Amino acid sequence: MRFRIRVLFAMIAVAIGPLLAIAIGVRHELDRRLTAQYAARAAGFAAITGEDLAHESATIADRLASLRSTMSDDNRLRLAVALRSPSERPYLLDFASQAMRLTGLSTLQIQDEDGRVLSSGHFRNEFDRLEPDLPSLLRSAPGGAAIVDARTADGPIRVIARVDSLRLAGRPLTIVGGIAVSSPFLRALAPDTEFSVTLVTDTVAWNAKVAPTAAEAQTTRPMEGAALADSAMGKSPGRVVVAALPYPFIGATAGTSALGNRSLQRARFVITHSDAELADLRRSVDRWVAGAMLVGIVVALVGAGWLAAQVSRPLSQLAEQTDHIDLDRLDVSFASDRTDEVGDLSRLLDTMTRRLRASAARVRDAEHRATVGDLARQVTHDVKNGLVPIRHVLRHLAQVEREEPQRLGAIFAERRPTLDASVEYLDALARNYARLSRPLTLQACDLNVMAREAAACARADDRVSVGLRLDARAPIVAADALVLRRILDNLVTNAIDAVIPTRGTVTIGTDGADSTGARIVVADTGPGMTEAQLAQAFDDFRTTKPNGTGLGLSIVRRLTNDLHATLRVETAPGRGTVVEVGFSP
Amino acid sequence: MLPCRAGASRMVVGVAAGLAAVACAGRSASTIAPIPARSSRVDRCVLLGPPPPAAESLWIAVTDDVVPADAPVARTTAEHVVFPLLYAPTVHVDCDGQPRATGAAGDEPASHELTDSAPTSADRSLVLPPSRTGAPWPSPTGPYRLDAAADTMLHLIPRAGADAPTLRVGVISPERGRDALDAGVDVLITADATTIEYAAQRSDLARIPLPWDRVYVLIEPVPPSRMVQDMALALRTELAHDAVRVEAQPADDRQWWDGLGACRGAVPTMPPVGPRPVVAAPTRRIVYQRHDHVARALSERLVALANAGSRSPLGSTSLVGPPLRAAGLDTTQYREALAAGDEAGYVAALPLHVGDACQSTVALLADVPWVARGDRTTTDQLFPLVETRAHAIVRPGRVGLSVDWLGNVSLEFGHRPSS
């Protein structure tokens with residue numbers, strides 16, 4: 001990973017990590033505080049709702065008490081009740097309707113001692129219905145009030161009802177009156193538009209042992225209530241249940257006998273509030289936090305990029321300058337006026353370059369001196385190669401003179417070409433070295449002829465058999481004959497040296513010209529070379545022979561390059577060595 | 001077209017009801033003022049008289065609708081007052097049910113033929129009011145013509161040369177009757193018990209009970225309820241006395257529509273015999289027309305009784321069962337509900353007297369198409385509940401009143417002294 005990327009990542013981690021932590025912290029804290037405020041507000045609202053319900057109940061009680069007084073003073077009603085006068089029956093039947101309107105109640109029902117409806121305000125024509133359980137249930141309700149499903153001709157209506165009683169003309173009468181728990185009523189309980197109150201009725205009985213008192217029943221118990229409400233009515237989308245106020249409930253008994261079938265059950269005023277505003281607030285906070293995060297990230301990225309660039313650019317420049325440094329190009333300047341670490345590094349590199357320049361000069365001088373010595377050794381080597389055939393011929397002639405003097409003339413004539421060739425070789429060698437750098441003289445060279453000459457001039461040794469395997473197609477290549485001869489002499493000498501310890505053969509071969517060119521090959525059956533030995537075989541002064549100069553193969557490499565020929569070696573330990581010099585067609 | 005109410009026995013009752021206002025008044029509350037007795041047969045049709053000298057103008061208030069589309073056949077009590085002023089009948093049937101030539105009474109103008117645009121009673125709807133939208137007034141043939149008309153006020157002027165006052169007829173709500181009396185109305189036609197009771201306490205007003213002219217029925221679709229068929233007189237009496245707040249009496253079992261079997265074949269427009277529509281799950285409602293207070297009170301009482309369960313006086317009728325409720329519908333809704341026949345019951349008002357029972361039955365069947373279908377020859381799905389009547393509260397010395405068989409109320413004026 002590049003240094004710039006690392007710096008970038010580091011900067012991002014350093015900049016964004018804390019920013020993210022701050023954002024999450026702020027978001028969490030805001031959410032906690034908002035939720036707490038809402039919870040407090042909801043609790044306050046629930047308490048107010050409970051007080052409102054208690055107030056409504058008290059209002060109903062006051063109105064019933066007032067009505068009780070009015071009924072006691074109404075002589076016509078007294079006559080209708082006491083004497084059951086048919087002429088006053090319409091008055092009795094209509095009394096509850098008028099009284100209900102006057103008292104502002106939604107339901108009003110006057111019943112006699114048997115529970116018979118004498119007059120009904122909300123259902124005028126329900127007279128004579130028996131409903132003895134309603135007053136007793138209302139009396140037993142905590143706080144004396146309950147939600148009642150009151151029958152009307154149009155269907156039941158739900159009211160908060162109370163009961164009162166009086167004695168009129170010697171007959172005990174009960175008055176059941178209430179206020180409708182209608183949508184306007186529920187809306188009036190929740191003037192705050194964020195809150196709403198709904199009435200939920202349960203089928204569970206109102207357990208007197210655990211039932212709260214009237215005061216307790218109207219006390220907010222948000223968590224319990226919320227859980228109950230959630231289980232009963234579910235959670236409407238976008239609204240959250242914050243409280244549920246239990247209230248006694250008396251259901252309807254339509255269609256069946258009204259005698260004693262009902263029981264006190266439980267209803268709840270479920271207070272919910274819209275979480276839209278809170279959600280909006282949270283979304284707003286989230287947006288701002290996300291915006292701040294985004295801006296922070298962008299700033300961090302830009303800053304990190306800039307900083308990484310500030311750090312990496314001079315390093316890249318130094319790397320680029322360093323890449324240009326070579327022994328031949330040590331004129332690169334690393335001078336810098338920076339005062340930071342990069343400046344120190346530049347100055348160190350500049351000092352190092354200066355030292356390299358001085359060292360390189362000294363190296364070149366030493367190399368020059370070494371080159372002279374090498375040249376001398378190469379000359380010696382070449383001369384020795386030129387003298388070897390002459391020495392052989394002379395030894396042969398001396399041997400003939402001692403053993404067969406009569407054939408000396410013939411042998412001399414036979415071996416004279418070898419002497420002439422060696423002399424000519426030495427002469428040409430001398431001329432070449434005299435010019436030091438002799439230009440190549442390309443001419444058509446017959447590889448087969450060159451191979452025969454090399455074989456003829458090869459050092460004779462009983463342990464080595466030098467053979468030829470020539471291609472009859474007589475490959476002709478454009479080459480400098482002297483250079484090619486030097487290549488072959490060095491390769492053959494090297495092969496013979498390799499074979500001598502184990503006895504073997506050296507084969508000089510040629511390969512006919514084809515589309516890939518012509519080749520001359522020197523193969524031996526010597527010990528071969530390892531890969532490591534092969535890698536160093538063409539280096540200067542690398543030799544495995546006790547008296548070797550280490551220049552033979554290196555000279556071959558240079559001369560092959562001069563001829564633009566290719567040099568290929570196939571060798572393996574124990575499998576001999578094949579050196580192939582190829583010429584392009 | 002012969003006057004008809006029901007069978008012969010009922011005719012006796014009807015005639016008895018129409019013979020004398022005293023007899024009619026005798027079935028009402030004791031607070032109703034007695035009608036002066038008349039010696040002659042014609043006089044028995046006079047509710048208030050003799051007519052005084054006519055005033056320049058009179059103010060009349062009615063508490064029913066006056067619908068031009070009804071003309072000239074009156075459906076409401078208000079129309080029974082207004083239409084005789086505008087449209088003269090071809091045949092006059094007196095309160096005894098005896099036809100006599102128009103003009104025989106002497107005070108009425110000569111007979112006028114009805115115009116082509118004036119429908120006959122056979123075309124009329126008996127249960128439902130016709131559409132008011134754009135309905136024109138038929139050309140008047142009676143002693144008055146219409147000078148101006150608004151939704152709640154009619155200005156009637158006498159025909160040229162007639163010695164009669166101009167009339168201002170206002171349509172008011174029943175609750176405004178006392179206000180109208182206090183404002184000086186000359187004639188108020190109302191059934192509102194409170195207004196009538198108020199008038200009884202004022203010595204300057206006379207209360208004249210009009211003939212019983214309306215019968216309220218429960219129409220039960222399917223299946224017909226035997227218990228309701230056997231609805232006890234006691235229950236009808238209770239409905240008449242306690243449930244409704246107008247002057248009412250228990251309805252008689254036999255009504256004019258019970259002669260359906262005799263009408264088949266005699267009336268070319270009788271509905272064809274077909275299968276009775278089956279309503280799988282009737283709505284548990286008793287419906288009524290919203291503006292009809294009497295129908296509402298009857299519906300609510302029936303609902304109360306039905307919901308009383310086994311203790312219900314209705315016994316085990318189809319009305320008893322799951323919770324029943326009453327629902328007031330506007331005219332359009334009521335018309336659709338009645339045509340569908342998918343309610344538990346309908347409370348409707350019908351005229352107590354009709355001119356031709358068969359033609360009226362045809363009209364009734366047009367409103368309630370599922371009644372008397374199949375092989376039935378009787379309309380046994382109509383159960384009479386109560387009969388009602390209105391009162392005329394009159395400022396004495398302003399106008400005279402007489403009635404005919406159909407319940408039409410004629411205003412009579414004395415001749416003004418010549419100048």
Side-chain angles (χ1 to χ4, degrees), chain A residues 76 80-81 84-98 100-102 107-111 114-134 148-158 251-262, chain B residues 28-31 192-194 196-197 200 234-235 237-248 283-288 290 293-314 316 319-329 344-345 347 385-386:
Chain A
R76 196 171 173 185
V81 172
R84 295 179 173 84
S85 168
S87 63
E88 296 299 340
R89 183 165 170 78
Y91 180 79
L92 174 62
L93 294 179
D94 291 333
F95 179 84
S97 300
Q98 296 181 12
M100 188 179 74
R101 287 196 296 270
L102 289 174
T107 59
L108 181 63
Q109 186 168 291
I110 301 171
Q111 297 174 248
D114 298 326
R116 186 182 307 278
V117 177
L118 298 179
S119 183
S120 173
H122 54 277
F123 195 173
R124 191 259 186 194
N125 279 350
E126 203 191 26
F127 52 84
D128 292 341
R129 180 187 177 95
L130 283 172
E131 196 173 28
D133 59 338
L134 181 60
V148 174
D149 278 343
R151 293 173 307 278
T152 72
D154 299 333
I157 61 171
R158 195 154 281 177
T253 59
T256 59
S257 171
L259 294 175
N261 279 351
R262 286 188 287 189
Chain B
S28 64
S30 60
T31 54
D192 182 64
T194 305
I196 296 171
E197 183 180 347
L235 177 58
T237 303
E238 183 205 75
L239 292 175
H241 291 173
D242 295 336
V244 300
R245 280 177 280 190
V246 299
E247 189 174 2
T283 307
R284 295 295 296 167
R285 297 194 303 181
I286 292 180
V287 298
Y288 56 91
R290 187 173 294 149
H293 300 286
V294 176
R296 174 180 179 175
L298 292 170
S299 300
E300 292 184 354
R301 183 56 183 164
L302 290 174
V303 166
L305 295 175
N307 289 342
S310 59
R311 303 172 65 86
S312 168
L314 296 177
S316 57
L319 298 180
V320 178
L324 192 68
R325 64 190 182 92
L329 307 178
V347 172
L385 300 175
V386 297

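Each chain gets a letter, A, B and so on, in the order the sequences are listed, and its residues count up from 1. Given the structure is predicted, the values throughout are model-derived calculations rather than measurements.
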Which atom of [X] lies closest to which atom of [Y], heavy atoms considered:
X	Y	value
A:D154	B:R325	O-CD, 3.3 Å
A:F127	B:R301	O-NH1, 2.9 Å
B:D242	A:N125	O-OD1, 4.0 Å

Ignoring hydrogens and geometry, is there a side-chain-to-backbone donor-acceptor pair from A:R124 to B:A297 under 3.5 Å?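 Pair absent, no side-chain N/O of A:R124 close to backbone of B:A297.
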ask   = Roughly how far, to the nearest 0.5 Å, is the CD atom of B:E300 from the OG atom of A:S120?
value =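 If we round to the nearest 0.5 Å, A:S120:OG and B:E300:CD are 9.5 Å apart.
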Q) Side chain, backbone, both or neither: which part of B:R285 has an atom under 4.5 Å from a heavy atom of chain A? A)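 Contact with chain A involves no heavy atom of B:R285 at all.
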Which residues pass the side-chain contact (heavy atoms from CB on, under 4.5 Å) test with A:S87, not counting sequence neighbours?
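Counting only residues at least two positions away or on another chain, A:S87 forms a side-chain contact (heavy atoms from CB on, under 4.5 Å) with A:S85.
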Under the rule for side-chain contact (heavy atoms from CB on, under 4.5 Å), what residues qualify as partners of B:A240, not counting sequence neighbours?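 With neighbours one apart ignored, the set is B:A248, B:P250, B:V386.
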